[in-house]
Structure formats: structure tokens, C-alpha cells
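Read through the structure below, which is laid out as C-alpha cells, and then see the notes.
Remember, predicted model here, so these are calculated numbers, not experimental data. In what follows, every chain begins at residue 1, and chains take the letters A, B, ... in the order their sequences are listed.
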2 protein chains.
Amino acid sequence: MTPLNDHQLDQLRDERKEQIKKAALKVFACRGLIGTKMSMIAQEAGISQGLSYRYYSSKDELFIALVQDAMEETAKAFAAFGLMKGSPLEKIKEFTINMLDESNRHSFMLIQQVQTSDEVPDKAKNIVQQYPTSSLIEQMTPIFKEGQEKGEFSKGDPAELLMLYFSVISGLMLLPHGLDGVNLIHHVDNLMKILKE
Amino acid sequence: MTPLNDHQLDQLRDERKEQIKKAALKVFACRGLIGTKMSMIAQEAGISQGLSYRYYSSKDELFIALVQDAMEETAKAFAAFGLMKGSPLEKIKEFTINMLDESNRHSFMLIQQVQTSDEVPDKAKNIVQQYPTSSLIEQMTPIFKEGQEKGEFSKGDPAELLMLYFSVISGLMLLPHGLDGVNLIHHVDNLMKILKE
DNA sequence: GTCTATAAGTCGATAGAC
DNA sequence: GTCTATCGACTTATAGAC
């Protein structure tokens, strides 16, 4: 067996860090920062409780790293929205399906916790505040206006329509998956009726 | 000052218990069972931490009492639905506004916690299971069928339409109030478009 | 690198003063 | 009836064996 060089060791370490983050996101998203014990994350990742601290120096640090990742993912999802093809309705539909996907849902639940709980580290709050929800949402305004001009969407203040749409999507994202086994993706067409006249 | 008789003393005690429950519902709903410290409830109720235990012998007992109340309230809200006046659409609209009311939202968030967390007392789980969500929801089926027959609602499996409606409402109920200041009540008419053709 | 054992701190619950 | 002080259990984070 050839000994591993520094680069390979670093890579191995990064892989383990990713393994811990993946386990932690699942548990933090469902149970919150305080409701999650380091032992739960360790168990989910298949390692001992003490070992976690060789990769993240504290529970808070791990939580903050996850929040950072989640915000970057979310910002990317909104940015990608501007580049989508098709009619306004088709764009919103694709965006909606993307948002309701499981991995996005966990990230979103984490961010929601940071925004609503006052027991998360200040550093986590600061990260989330760097990407104001309003500016994220406002990236969608042009598509809504276009949808109204083309007669695909109902008339009225586009900001209000956008806000209602976003509230509904946010609510669905917070729903524990499989509430009574509804396949939400299957119903996206029905959901889109909120936007139409 | 006339000394109070037994009945009056009991009544005073009950009032204090209600005061504690009201404070506890607010905190439990937002932070969950584990995320809530008895000291938070005591502070919200304006009493000392130790005094809470003169009225509820444990944090779990207090939580269970709240779950019991919440389930009874919820069951009542669904039962009242059958007695409402007006067209199917008007009934659903009234029901929706009722559900999105703050006091109902907190009860619903509590029940959702019992259903999704596995760290709540068994007794709480048992109470919630006594009122199966499915049977609660199914009380609305006749109205949906009627709405479809009258052409007010979109065609297709009424159970699926009902499920979509209920998922959306559930999601909105779980939303921390005032997410970016949307007045949801004001948008109920738009929401109802999900049901229409 | 990974685990087990333990020290320090936190919170639920109780005891005892007023 | 209410509060303050404290005990015991549990959790985070570290120390030390392998």
C-alpha cells in the first residue's frame, strides 16, 4: 500500500467533513439546534460522539457551516431562476418543483430556524441577513410582471401576487415530508392556479 | 375582606392554570418541547420558575394538557365545518380564515410537533392518534363533492383536491406569522383558486 | 484516527424560607 | 401561595487510551 500524500489526506478529511455535514443537516433541519444532540449527529453519520469534535470544534461551528452552505444554495436557486427558458408560467413551475425537492427543503428549514429562533449563534443570523429575503424574492418580480402582461397571470399588484405565491411555497417547504402521503410535485399544476386569473 | 370559600379558591387556581397554559402554548408552539425551558414559560407567564410546579407536576404534564386542549379545539373546528351556511366555496373560505387565525395556528403547530417529533411523551402521541387526521379531513369530502357537482370546483378525484387544499393550508399554518408581512386573510380569495377550474 | 471516560455546565424538579 | 436555593440527571466538550 502506497502511503497517502498530503493532498490525499486532506481530501479524505474533507470527505469525512461532508459526511458529518450531511448527517447534521438532516437532524438539525428536523429537530432544530437545541433539539439536536451531538450524539444524534454522530449516530446518523455512523461515528462516535467524540470524533465529531476532531472535525468541528463545536456544535455551533457545525451549525454555522451548514447555514452558510444553505444560504449559498438558496441564493443560487434564485439566481438560476433568471436564466430559465420558457413562458413565465413554465419558469415558475420549474422553480417550484426545484424548491419542493427534499435537499432544498432541509436547507430552507434550517434558514427558517435561523430567522425565527433567537437561540441560534449570532454568526448564523449574520450570514442569513447578508442575503435579505426581500432581495431574493424580488428577483422574480420581472417574470411576474411579464406573466401579467401576457395575460397568463391574474392582474393586480405583482408584488402582492408574488408574496402570496412565496408564502404558499414556503409553507409547503416547511411541511414534514409525506404529510398523509400527498405527492406535491404531482399537484404543481393545480398550485399554479393561484397565479392565474 | 371576606375569606374566600372553597369554590372561589378553586376558581382562582384554575385561572392561574389557564394563565400558565396560555403562556406555555405560545412558547411550546414556537420552540418545541425540548427547546422550551420551564424558566421561559414562567417568564412569559410572569411567575417564578419554581411556582409552575405547584400547578403542573412536570413539563411533560403541562405539554400533554396543551395537546389535549389543542386536539379538542381542532376537532371542534372540523365539526363546525359541517354546520356552516352558504355555498361549498363560501364554507371552505370561512373555514380557511378560521384555521389561519393565530390561536388555531399555535394549536396546530403543537399537534404537528407531536406527529413529527419522537421526543414527545407517549401520552401526547396517544391523544393525537385518538383523532386520526384522515377522519378529520374526510369530514370535508361531501362539501368538495358538492362543489364539484355544482361546477364551483375543478373536476377529478375529490380526495386529491382535498389533500392539496389541506397541504397548502397546513403549510400556511406552520409559517411563522408575518413572514415578510403578508396579510394572508386578505389573500384567501386568491388561495381559493386552487380549488376552481 | 477513532474510541471511551470524564470534567464542566445546564436544566428539570424539589426543599425550605417567607 | 410564591420565591430562592439546591440536588440530580443529562449534554457538550476535552483528555487520554488504543
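The separation between B:K37 atom NZ and C:dG9 atom P is 18 Å, rounded to whole Å. Remark: C1' of D:dG1 and CD of B:E15 are 15 Å apart, rounded to the nearest angstrom. The interatomic distance linking A:Q11 (CD) with C:dG1 (C1') rounds to 17 Å, in whole Å. Atom CD1 in B:I34 sits roughly 13 Å away from atom P in D:dC10 (whole-Å rounding). Rounded to whole Å, atom C1' of C:dA15 lies 15 Å from atom CG of B:L51. Between the CG atom of B:L12 and the C1' atom of D:dT2 there is a distance of 14 Å, given to the nearest Å. Remark: C1' of C:dT2 and CD of A:Q19 are 13 Å apart, rounded to the nearest angstrom. Between A:M38 atom CE and C:dA8 atom P the separation is 20 Å, expressed in whole Å.
With A:E44 as the fixed residue, the salt bridge (Lys or Arg N to Asp or Glu O under 4.0 Å) test singles out one of A:R31, A:K26, A:K37, A:K21: A:K26.
Across all strands, B:Y56 comes closer than 4.0 Å to no nucleic acid atom at all (heavy-atom distances). Using a 4.0 Å heavy-atom cutoff across all strands shown, A:R16 reaches sugar-phosphate atoms only and no base atom. Across all strands, B:T36 comes closer than 4.0 Å only to sugar-phosphate atoms, never to a base (heavy-atom distances).
Aromatic pair A:Y56/A:F63: centroids not less than 6.0 angstrom apart.
Residues A:R54 and A:Q49 each lie close to DNA chain C; by heavy-atom proximity, the contact nearer the 5' end of the strand is made by A:R54.
In this structure, the nucleotide among D:dT14, C:dC3, C:dG1 sitting nearest to the side chain of A:Y55 is C:dG1.
Considering all non-hydrogen atoms of both residues, A:I41 and A:A23 come closest at O-CB, 3.9 Å.
Dashed line: the shortest gap from a side-chain N or O of B:Y53 to OP1 or OP2 of C:dT14 is not under 4.0 Å. Listed pair B:K59 / C:dG12 meets the phosphate criterion, a side-chain N or O lying under 4.0 Å from OP1 or OP2.
The pair B:D60-B:K123 does not count as a salt bridge, with every side-chain nitrogen at least 4.0 angstrom from each carboxylate oxygen.
Defined by atom type and a distance below 3.5 Å, a donor-acceptor pair is present between the side-chain atoms of A:Q68 and A:E72.
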